[in-house]
**Q** 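Attaching a single structure in structure tokens format; questions to follow.
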Amino acid sequence: MKLPLGIHVGERLSLEQTYWQAELADQNGFESVWVAEGRLARDGIVPAAVIASRTRNVKIGTGVVNNKSRNAALMAVTFKTLDELAPGRAILGIGAWWEPLATKVGQPLRKPVASMREYITVLQSFFRNEVVNFEGEFVQMQDVRFDSMYRENKPVDIPIYIGAVGPRMLELAGEISDGVHMDFLLPPSYLVGAKEAIDKGIAKRTDGKDSIDLTQIVACSVNDDDPQEAIDACKAFLTLYLAQQPHIAEHCGVERELVDRIQERAGWPATPEAIKKAMPLVPNSLVQNVTACGSTDDVFSKLMEYHEAGVRCPIISTLGDKEQTLTRLVQAAKG
């Protein structure tokens, strides 16, 4: 491929579409498939396991699960199990949960960087097949380890990617993780500061590693017959994100006043009808700055722009005409 690519699958796709995209990725030289888990719509682990059983080469990552709803020991053994299904292909993508959902389910965000450090420290101990004792502010473990009675307990090689956006979490990723899995709707220009924060963390490492991987989810929509229709598909998605995860606004250059107006029209939780009413507030120029949309050439050029800015592997998330988007980008990437 002219450009390393992955695919992001989430609850906007049916399960049938999810497995079709994963199998297409596996058959066409894509590096990875990342399974989303965000809204209370669909779990990420179950589809990841099915994808693992239906593919042979592509890596399977979570993009991302959170570090609050699953105990760290359970998370470790879950990914040990995924590694049994797809040896050497599982990636643990993990991030802080987002507000207001975290508070609504009784898990409000508090010290997200500190809690992530504790959680990943414990995960890494499990993956090294160590006996884990840890007494932290957020994570506590007493004399626990992988403890299969019927097969040898061995270390497992599970790369951990942090779903980071802000500078402190990016710095932590550079210090302790294997990679950063950056979110949607960040313009290529955001990578300048992001890489500086990551490098600051890398300078603190004690394992001799001098670099980590960098992937980023990019919302993509191709329509060669009607490029504006593709832009509108990404516009609807951006409007939804600004309505329900407004923290992304400051990173993609959106004024708070616009976010407030979108939230006022969209309500909570935002329905497709409410999003459609709020979409006229969002200009095309903003959409095209933070997504890849329009013709095949427009979209592939935008993916290359992300790559040249420092994203080693852009992760495609299909919107609009999903089949056209993915098949056209496969052709463009193979060139």
**Q** Can you give me the closest heavy-atom contact between Phe138 and Ala114, atom names plus distance?
**A**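 Closest approach of Phe138 to Ala114: CE1-CB, 4.1 Å.
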**Q** Can Lys154 and Asp83 be said to form a salt bridge (Lys or Arg N to Asp or Glu O under 4.0 Å), step by step?
**A** CA-CA 12 Å; Lys154 299 183 293 185; Asp83 186 68; over 6 Å; no
**Q** Is the number of heavy atoms from other residues, nucleotides or ligands under 6.0 Å of Gln140 CD greater than 12?
**A** yes
**Q** Without swapping roles, check the side chain of Lys204 against the backbone of Glu171 for a donor-acceptor pair under 3.5 Å.
**A**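 Checking the backbone N and O of Glu171 against the side chain of Lys204, no donor-acceptor pair under 3.5 Å is found.
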**Q** Search all heavy atoms of Ile275 against all heavy atoms of Ala243 and return the closest pair with its distance.
**A**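 Smallest heavy-atom distance, with atoms named: CD1-CB, 4.4 Å.
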**Q** Starting from Leu286, can I reach Phe237 by hopping between I/L/V/M/F/W/Y residues whose side chains sit under 4.5 Å apart?
**A**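 As far as the 4.5 Å side-chain criterion goes, Leu286 and Phe237 are connected within one cluster.
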**Q** Return the CZ to CG distance between Phe127 and Asp157, rounded to the nearest 0.5 Å.
**A** 10.0 Å
**Q** Determine whether Val77 and Ile158 fall in the same hydrophobic cluster, where Ile, Leu, Val, Met, Phe, Trp and Tyr are linked whenever their side-chain heavy atoms lie under 4.5 Å apart.
**A**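 Same hydrophobic cluster.
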**Q** With under 30° as parallel and over 60° as perpendicular, where do the rings of Phe146 and Phe126 fit, or are they tilted in between?
**A** tilted
**Q** Quick check on the hydrophobic clustering: are Phe300 and Val290 connected, directly or via other members, by side-chain heavy-atom contacts under 4.5 Å?
**A** yes
**Q** Determine whether a donor-acceptor pair (N or O, by modelled atom type, separation under 3.5 Å) exists between the side chain of Asp213 and the backbone of Arg312.
**A** no
**Q** Given 3.5 Å as the limit, does a donor-acceptor pair link the side chain of Tyr161 with the main chain of Val64, or not?
**A**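 Absent.
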**Q** Backbone N or O of Thr296 within a donor-acceptor pair of the Asp224 side chain at under 3.5 Å?
**A**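 Flag set: sc Asp224 to bb Thr296 pair under 3.5 Å.
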**Q** Is Gln21 reaching over with its side chain to a backbone N or O of Leu13, donor-acceptor style, under 3.5 angstrom?
**A** no
**Q** Is the backbone N or O of Gly174 less than 3.5 Å from a side-chain atom of Arg205, with the two atoms forming a donor-acceptor pair by type?
**A** yes
**Q** Apply the side chain to side chain donor-acceptor pair (under 3.5 Å) test between Asn28 and each candidate in Gln331, Glu23, Lys334; give the one that qualifies.
**A** Lys334
**Q** Quick one: OG on Ser221 to CD1 on Ile316, what's the gap to the nearest 0.5 Å?
**A** 12.0 Å
**Q** Membership question, hydrophobic clusters at under 4.5 Å side-chain separation (ILVMFWY): are Trp34 and Ile94 in the same one?
**A** no
**Q** Test your reading of the model: is there a side-chain donor-acceptor pair from Arg89 to the backbone of Thr55, 3.5 Å cut-off?
**A** yes
**Q** Does Gln107 reach the main-chain N or O of Thr103 with its side chain, forming a donor-acceptor pair under 3.5 Å?
**A** no
**Q** Please report the C-alpha distance between Thr62 and His181 in whole Å, then the side-chain angles of each, then the deciding distance to 0.1 Å, and finally whether the side-chain contact (heavy atoms from CB on, under 4.5 Å) criterion is met.
**A** CA-CA 10 Å; Thr62 47; His181 190 61; over 6 Å; no
**Q** Would you name the heavy atoms of Pro188 and Glu305 that are closest together and state the gap between them?
**A** CG-OE2, 3.6 Å
**Q** In sequence, state the C-alpha distance, the side-chain angles, and the governing distance for Glu255 and Arg261, and then conclude on salt bridge (Lys or Arg N to Asp or Glu O under 4.0 Å).
**A** CA-CA 10 Å; Glu255 297 294 332; Arg261 291 166 63 199; over 6 Å; no
**Q** Could you give me the CA-CA distance, side-chain angles and deciding distance for Lys209 and Asp178, then say whether side-chain contact (heavy atoms from CB on, under 4.5 Å) is met?
**A** CA-CA 9 Å; Lys209 210 171 183 180; Asp178 300 289; 3.1 Å; yes
**Q** Counting neighbours of CZ on Arg168 that are heavy atoms of other residues, nucleotides or ligands and sit closer than 6.0 Å, is the number greater than 12?
**A**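 Incorrect, the count does not exceed 12.
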**Q** Look only at the side chain of Asp26 and the backbone of Asn57, and say whether a donor-acceptor pair between them is shorter than 3.5 Å.
**A**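 Yes, because the side chain of Asp26 sits within donor-acceptor range (under 3.5 Å) of the backbone of Asn57.
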**Q** Please indicate whether Lys2 has more than 12 foreign heavy atoms, meaning atoms of other residues, nucleotides or ligands, lying under 6.0 Å from its NZ.
**A** yes
**Q** In the single-linkage hydrophobic clustering (I, L, V, M, F, W, Y; side-chain heavy atoms under 4.5 Å), do Ile45 and Leu15 co-cluster?
**A** no
**Q** Kindly indicate whether the side chain of Ser125, heavy atoms from C-beta on, has any atom under 4.5 Å from the side chain of Phe134.
**A**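 With C-beta onward as the side chain, the pair stays apart.
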**Q** Rounded to the nearest 0.5 Å, what separation is found between the CD1 atom of Ile198 and the CG atom of Leu214?
**A**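 That separation rounds to 5.0 Å.
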**Q** Report the distance from atom CG of Asp199 to atom CG of Asp210, rounding to the nearest 0.5 Å.
**A** 10.0 Å
**Q** How many angstroms lie between atom SG of Cys313 and atom CD of Gln216, to the nearest 0.5 angstrom?
**A** 11.5 Å
**Q** Any chance you could measure Ser177, atom OG, to Ile160, atom CD1, to the nearest 0.5 Å?
**A** 8.0 Å
**Q** Nearest heavy-atom pair of Ala52 and Ile60: which atoms, and what distance?
**A**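 Shortest heavy-atom contact: CA-CD1, 3.8 Å.
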**Q** When you measure from the side chain of Gln17 to the backbone N and O of Lys322, does any donor-acceptor pair fall under 3.5 Å?
**A**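 Flag not set: sc Gln17 to bb Lys322 has no pair under 3.5 Å.
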**Q** Does a sphere of radius 6.0 Å around CD in Glu137 hold more than 12 heavy atoms from other residues, nucleotides or ligands, not counting ones at 6.0 Å or beyond?
**A**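 Yes.
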**Q** Report the C-alpha distance between Asn67 and Glu118 in whole Å, list the side-chain angles of each, state the deciding distance to 0.1 Å, and finish with yes or no for side chain to side chain donor-acceptor pair (under 3.5 Å).
**A** CA-CA 10 Å; Asn67 67 337; Glu118 291 186 9; over 6 Å; no
